Every structure is written in structure tokens, then in C-alpha cells.
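Below is one structure, written out as C-alpha cells; the observations come after it.
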Amino acid sequence: MIGGTGVTGALIAPSILTADFGNLAQQVRDAEAGGIDLWHLDVMDGHFVPPISFGKEVVAAVRDASDGRFIEAHMMVARPSEQFADLADAGAQRLIFHYEAAGSLEASREHIRMCRDLQCQAGIAINPETPVEAIAPLLGELDEVTVMLIRPGWGGQAMRPDLLEKVSDLAARVRAEGITLAIEVDGGVKAHNARSCVDAGATILVAGSAVFNPQETPQEAVAGLRSALGSD
Ligand code: DX5
Ligand code: ZN
């Protein structure tokens, strides 16, 4: 599984929220030339979070520009299951829904089953106020968990380092249960704090404004992240 525990080195998953959408295909190719591992595409519906970002059309555009890298959809939407099929059809190979949107363990299990029926991996994201405890009974059924290190909805926010404790908590549970699970951190990951995320137990780092920013090319930005991780 991509980004599962036990891999050496963390994977880098760019979010295109702050990319130049007028040149999206080139931005995708530039980031891939820099050596990114997978795409983290942030779908927002204006309900679960205030902004609207994009849906299946942009996911398909990234897939078409990509050389075939893995795509996950981070669904900040109020009714995720209604979009599962469209996003899978557009190229998403992992569907990450919010526990807060599903609303219960039972509903989450139904969402996971729907992801599997579409031959997709299943991931759950948890907001800053949701404890890891809330999703603990599901860990053995999931491929991935996204720990939000910011309030979801906007790129370019500063990470809340206190939330890395949730990552350590999650990593300890995964170790104790002997399961394989990708542990992703999302929000404010930069070269200066990437190492602390991995030390806490993250296996996938989402990086939006760290990769797509006006100061450097995506290739340079990815190289900076890799070197901060000591894996270049
Ligand atoms: C926020 C999204 C994130 C975020 C990443 O709601 O889920 O993926 O935009 O962007 P940065 O790295 O700029 O926080
Ligand atoms: Zn995200």
C-alpha cells in the first residue's frame, strides 16, 4: 500500500490548491520532475468547509497530465459518498472522507465498503478537534488516516505543532496493533517542520504552498523538502 507504515522515508504528496490553475498541466509535470510520490487533491464543496475548490474535472485533468502517479482525493465535502463514483472514475485511487462528515463509526464502515466496491483504497481524515480515539475501532479496516494540522478549507495556513501529538498517538496504536496503515499529515508542512512530522510517525506529508509558491519552482521546492528529510 502506498505510504504504509514500515516504509523507509516519508512520501511527498503535493496539494494543488495554490498551484497556477491556468498552467495546471505544466505545474503537474514540474512537480513530478521534482520527484513527488503521489497527488493529494483537495475537493471542497462550500458546505463542509466554506470554500469551493474543484471536483472530478480537475482530478481528471491531473490524471491526464500525470505520468501515472497515485492520486488520492481528500474530500472536504458534507456528503462524500455521493461523489465517490465520480472521483474514482476521474482517476482517484484513494478516497479520503472526513469522519466528521460520515458522522459515526457505523456510517464510516459503510463509506469504507463503498470505496472498496469501487476498487479504491479507503482513508479517513480527522479535523483538529476530533481525537484519534474516535476512529480507533476503524484502524484495522482503513488504508490511510489523514491528521489535519490546520482547520481545513484553506491552503497556506501555519501548522499547529501541538497536533503532532495526535500523529504520535496514532502511530503508537498502529504499532501496538501490528497493522499496516499510511499516516498522513495535512496542513502547513514546510521544509523546516517536515522532519518533526516524520519523527512523530507520519508516512505521507501533504505539501501545498510548500511546493506551489511564487518563490521557487516546484522542482526546487520538492528538492528542499527531500533534503530536509535527509532522503535526497
Ligand atoms: C486544506 C487542505 C490541505 C492544504 C495543503 O484544507 O486539506 O491539503 O491546502 O496546503 P498547505 O500545505 O499550504 O497547508
Ligand atoms: Zn488536504
Side-chain angles (χ1 to χ4, degrees), residues 2-3 10-21 24 27-28 31 34 36-55 58-59 62 69-78 80 83 87 92-101 121-130 143-164 166-167 182-198 202-216 218 220-222 224-226 228-229:
I2 190 157
L11 303 182
I12 295 176
S15 156
I16 59 169
L17 273 189
T18 61
D20 174 2
F21 278 71
L24 184 57
Q27 296 259 277
V28 166
I36 62 114
D37 297 291
L38 68 153
W39 287 103
H40 174 95
L41 302 183
D42 290 301
V43 176
M44 304 181 188
D45 67 350
H47 294 283
F48 184 77
V49 290
I52 292 172
S53 60
F54 53 77
V58 169
V59 174
V62 171
R69 268 165 246 226
F70 189 89
I71 295 176
E72 63 181 19
H74 175 196
M75 304 177 68
M76 286 160 276
V77 307
Q83 293 189 45
L87 292 173
Q93 293 155 282
R94 175 153 63 215
L95 301 167
I96 305 170
F97 61 92
H98 267 263
Y99 176 71
E100 301 84 5
Q121 291 188 15
I124 277 191
I126 51 172
N127 280 342
E129 64 275 13
T130 302
D143 297 296
E144 185 265 0
V145 171
T146 299
V147 178
M148 297 304 299
L149 301 180
I150 53 163
R151 180 184 172 211
W154 299 270
Q157 302 179 69
M159 173 193 294
R160 279 180 48 190
D162 57 304
L163 294 171
L164 287 176
K166 290 170 68 177
V167 178
I183 300 177
E184 179 175 84
V185 288
D186 188 4
V189 175
K190 300 279 193 274
H192 71 84
N193 58 27
R195 188 74 245 168
S196 64
C197 298
V198 176
T203 60
I204 303 180
L205 308 180
V206 175
S209 51
V211 171
F212 297 108
N213 67 69
Q215 278 81 47
E216 56 193 347
E220 291 165 345
V222 174
L225 281 168
R226 289 259 181 240
L229 293 173

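Indexing begins at 1, ligand by ligand and atom by atom, following the structure's order. We're numbering straight along the sequence, starting at 1. Side chains are part of it too, since the values below use all heavy atoms of this structure and drop only hydrogens, waters and symmetry mates. This one's a predicted model, so the numbers in the text were calculated from it and none came from an experiment.
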In the protein, which heavy atom is nearest to atom 2 (C) of ligand 1, and how far is it?
-> D42 OD1, 3.4 Å
Numbered atoms and elements of ligand 1 in range of H40, under 4.0 angstrom, heavy atoms = 8 (O)
List the steps and the verdict of side-chain contact (heavy atoms from CB on, under 4.5 Å) for L41 and V58.
-> CA-CA 9 Å; L41 302 183; V58 169; 5.9 Å; no
Of the choices A210, S209, G208, A13, which has the non-hydrogen atom that lies closest to atom 13 (O) of ligand 1?
-> S209
Which of the numbered atoms in ligand 1 are below 4.0 angstrom from a heavy atom of I150?
-> 1 (C)
Quick one: does E144's side chain get under 4.5 Å of Q121's, heavy atoms only?
-> no
Please tell me if the side chains of K166 and I126 come closer than 4.5 Å, counting only heavy atoms from C-beta onward.
-> yes
Atoms of ligand 1, numbered as shown, that sit under 4.0 Å from any heavy atom of G155 = 9 (O), 10 (O), 13 (O)
Using a cut-off of 6.0 Å, state whether more than 12 heavy atoms not belonging to R151 lie near its atom CZ.
-> no
Specify the closest pair of heavy atoms between A10 and D37, including all atoms of both residues, with the distance to one decimal.
-> O-OD2, 4.3 Å
Are E184 and I96 side-chain neighbours, meaning at least one heavy-atom pair lies under 4.5 Å?
-> yes
Using 2.8 Å as the cut-off, note every protein N, O or S atom close to the Zn ion (ligand 2).
-> H40 NE2, D42 OD1, H74 ND1, D186 OD2
The residue among D42, V147, L149 that forms side-chain contact (heavy atoms from CB on, under 4.5 Å) with D186 is D42
Within less than 4.0 angstrom of ligand 1, does M159 place any heavy atom?
-> no
Which atoms of ligand 1 are found less than 4.0 Å from any heavy atom of G188?
-> 11 (P), 12 (O), 14 (O)
Within-4.5 Å side-chain heavy-atom neighbours: M44 and L17 | yes
Under 4.0 Å from one or more heavy atoms of G153, ligand 1 contributes atoms 1 (C), 6 (O)
So do Y99 and V145 actually touch side chain to side chain, heavy atoms under 4.5 Å?
-> no
Any side-chain heavy-atom pair from I150 and P128 closer than 4.5 angstrom?
-> no
Hey, looking at atom 8 (O) of ligand 1, which of T146, D186, V189 has the closest heavy atom?
-> D186
Decide yes or no for C197 and M159: does some side-chain heavy atom of the first lie under 4.5 Å from some side-chain heavy atom of the second?
-> yes
Atom 9 (O) of ligand 1: the protein heavy-atom neighbour that sits closest, reported with distance to 0.1 Å = L17 CD1, 3.0 Å
Taking only heavy atoms of H74, which atoms of ligand 1 are found under 4.0 Å from at least one of them?
-> 7 (O)
Numbered atoms of ligand 1 (with element) below 4.0 Å of G187, judged on heavy atoms | 14 (O)
For T18, is the nearest heavy atom under 4.0 Å from an atom of ligand 1?
-> no
Using a strict 4.0 Å cut-off to heavy atoms of M44, name the atoms of ligand 1 that fall inside it.
-> 6 (O)
At their closest point, which heavy atom of E100 faces which heavy atom of A125, and how far apart are they?
-> OE1-O, 3.7 Å
Any heavy atom of M148 sitting closer than 4.0 Å to ligand 1?
-> yes
Can you say whether the rings of F212 and W39 are parallel (under 30°), tilted (30 to 60°) or perpendicular (over 60°)?
-> parallel
